[in-house]
Amino acid sequence: MSLSLAKIEELAPDQGSLAAAKKLLKPSSWPTLAEDGSGLIWGECQGSGATPYRISVTEADAGYKCSCPSRKFPCKHSLALMWMRADGKVDFATGTAPDWVNDWLSRRRGPYAGAPTAGADKPKASIAATEDIEAVVDPKAEARAAAARERNRLERETSIANGLDELNTWITDQMDAGFAAFPAKATATCRVMAQRLFDAKASGLALRIDTIPARLFARAETARPIAAIQELGTLHLLAEAYRQQDGLSEPLRQDIRQMIGWNLTREALLDDERALRVSGAWRVWATRTEVQPDKLRRIETWLHGSDRHALLIEYVPVSTGASSSGYSVGDAFEAELIFYPSSVPLRALIASQATGSAMSDAPLALPPHDLADAYGLYEEALIEKPWLGDYPVMFRGARLRRSGENLYLSGHGISLPLAKSQSAASWPLLQLEAIDGAGLWDGTELTLCWSETALGRWTA
């Protein structure tokens, strides 16, 4: 084994990185720790995101790769994996490298040459100096900090209220100008209103307005005025619900605050004793990525397990972050998920992961209901959460049909239009008498993500 503590000290970009890595030396933070027996090690580390970070290391030359968005190289996760290996106190399971490790190996340009030469003014990082220092709690300082947080919260509430007043005026102006004219000027007028709401610290609502033009132009031209009415009506509903949030149920109140832009941190969610926790086997059945106007990439991973759906969401910088979640459609793993408070709990975090993810050939455990029943569940969820957005629909015994240039998924008296972007890819499914599957319904069109057919599995 060529990895040593001295080598890790040489690689570390600074003392802080070593200190951060030391906090990750707990095996409980690593659902996967493995090696191939020939100097290749890999692991999955549960970080601050919704999904574990994936780390690969070659022992011979200390080459490394991590899926986290850190700008330090190597990051704390890579250093921690090397540290545990060099220490020899943690067992690494022997196995075959998964696809995500092999993909990194195939793209390596050559052996890693080692850490950059440190400048004369850069002190050498030291593992011996990473002693845990317990913070001394100052009650007066804690009280001042709490008062400052409350003052900032009240200032933000006032700022958001003023922003919502501006939003009402803006919606009224669009109504006066006519909805037929709105799509043509949507890009410019939405950008201005979105910026005002960003300034008012209502970032969630601002982002929703910023993306209205994209949703409008995804529709047929004749459908855009009606879509504009729906979009602005939803904005009005969100604004009014926020003003009256004290009269809402707690789950619905949490929904509206998150929609407006109040974030619930991972730590706060994990500390919430009332939060819904579900343990079991989970299956990845869809993944999606989208670049947002705020230069963040939104990465979605849709899961099914324990007779319920779950959605993992990560936001990473477009310039430095990963372009995918690290999960592939078909992956399976065991974990405990903790769900964000909501009237329709979907979004979740991985609280702890018992096993690493691995590709499975088993069929997706679809519920026994048909397409009409699945749509009925969507309508029930919409009643609970009027600004629902994408909702998972799982069905059995449906059939894909064509009407003109459009495709529809039909079954038991109901037909849902398929997303036009899927016309070419889903064409072979027209030849089948019946399919079972799963998709995402946004209230207008269905994006088919998974299908079990007589000829095998189809995925988007």
Side-chain angles (χ1 to χ4, degrees), residues 16 19-20 23 47-50 69-71 133-171 190-211 235-275 292-298 313-318 320-321 338-343 347-349 351 385 387:
K23 297 177 181 178
S48 59
S70 173
R71 298 190 182 187
I133 302 175
E134 294 187 6
V136 178
V137 177
D138 182 349
K140 292 183 178 179
E142 286 290 315
R144 288 195 297 270
R149 288 193 295 270
E150 178 62 14
R151 184 169 59 253
N152 291 337
R153 186 191 69 81
L154 292 175
E155 290 176 354
R156 185 179 180 187
E157 290 281 12
T158 300
S159 180
I160 290 176
N162 293 335
L164 295 183
D165 290 341
E166 286 195 60
L167 176 63
N168 272 2
T169 301
W170 181 78
I171 292 175
C190 287
R191 179 87 278 276
V192 172
M193 189 62 240
Q195 188 57 57
R196 290 178 182 172
L197 287 174
F198 274 120
D199 294 340
K201 301 180 181 179
S203 56
L205 198 56
L207 190 60
R208 186 181 185 93
I209 293 176
D210 225 355
T211 54
L235 293 176
H236 176 73
L237 178 64
L238 288 168
E240 287 303 306
Y242 189 81
R243 290 189 179 96
Q244 301 178 42
Q245 60 181 288
D246 292 340
L248 302 177
S249 65
E250 185 58 23
L252 197 57
R253 178 176 176 273
Q254 291 292 336
D255 273 330
I256 188 62
R257 290 183 70 80
Q258 291 174 47
M259 290 294 297
I260 294 297
W262 291 92
N263 295 322
L264 184 64
T265 66
R266 174 183 175 84
E267 291 73 19
L269 181 58
L270 291 174
D271 290 341
D272 186 356
E273 296 180 353
R274 299 171 299 174
Q292 300 182 155
D294 57 0
K295 305 302 180 186
L296 290 178
R297 187 187 305 275
R298 176 187 168 104
I313 302 179
E314 292 184 81
Y315 297 95
V316 297
V318 172
T320 61
I338 181 168
F339 288 78
Y340 283 80
S342 172
S343 52
R347 188 183 176 188
L349 288 176
K385 187 177 178 181
W387 44 84

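Here the structure is a predicted model, which is why all the values come from computation and not from measurement.
For N263 (side chain) and T265 (main-chain N/O), no donor-acceptor pair under 3.5 Å exists by modelled atom type. A donor-acceptor pair is defined here as one N or O able to donate and one able to accept, closer than 3.5 Å; such a pair exists between the side chain of Q245 and the backbone of Y242.
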Next on the checklist: Assess the residue pair L269 and F339 against the criterion (side-chain contact (heavy atoms from CB on, under 4.5 Å)); give the C-alpha distance rounded to whole Å, side-chain angles, the decisive distance to 0.1 Å, and a yes or no.
Outcome noted: CA-CA 8 Å; L269 181 58; F339 288 78; over 6 Å; no
Checklist entry - Given the rule in the side chain to side chain donor-acceptor pair (under 3.5 Å) test, do N162 and E166 qualify, once you have shown the distances and angles that lead to the verdict? => result CA-CA 6 Å; N162 293 335; E166 286 195 60; over 6 Å; no
Checklist entry - Can you check side-chain contact (heavy atoms from CB on, under 4.5 Å) on Y315 and I313, steps first, answer last? => result CA-CA 7 Å; Y315 297 95; I313 302 179; 3.6 Å; yes
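Atom CG of L235 is separated from atom CD1 of I209 by 5.0 Å, given to the nearest 0.5 angstrom. Once rounded to the nearest 0.5 Å, the distance linking CZ of R144 with CZ of R151 reads 11.5 Å.
Of all heavy-atom pairs spanning C190 and D210, the tightest one is O-OD1, 4.5 Å.
Comment: R243 engages D165 in a salt bridge, judged by a side-chain N to carboxylate O separation of less than 4.0 angstrom.
The shortest side-chain heavy-atom distance between L167 and M193 falls under the 4.5 Å cut-off. For the pair D255/W387, a side-chain contact is recorded, criterion being any heavy-atom separation below 4.5 Å from C-beta on.
For R156, there are no side chain to side chain donor-acceptor pair (under 3.5 Å) partners, not counting sequence neighbours.
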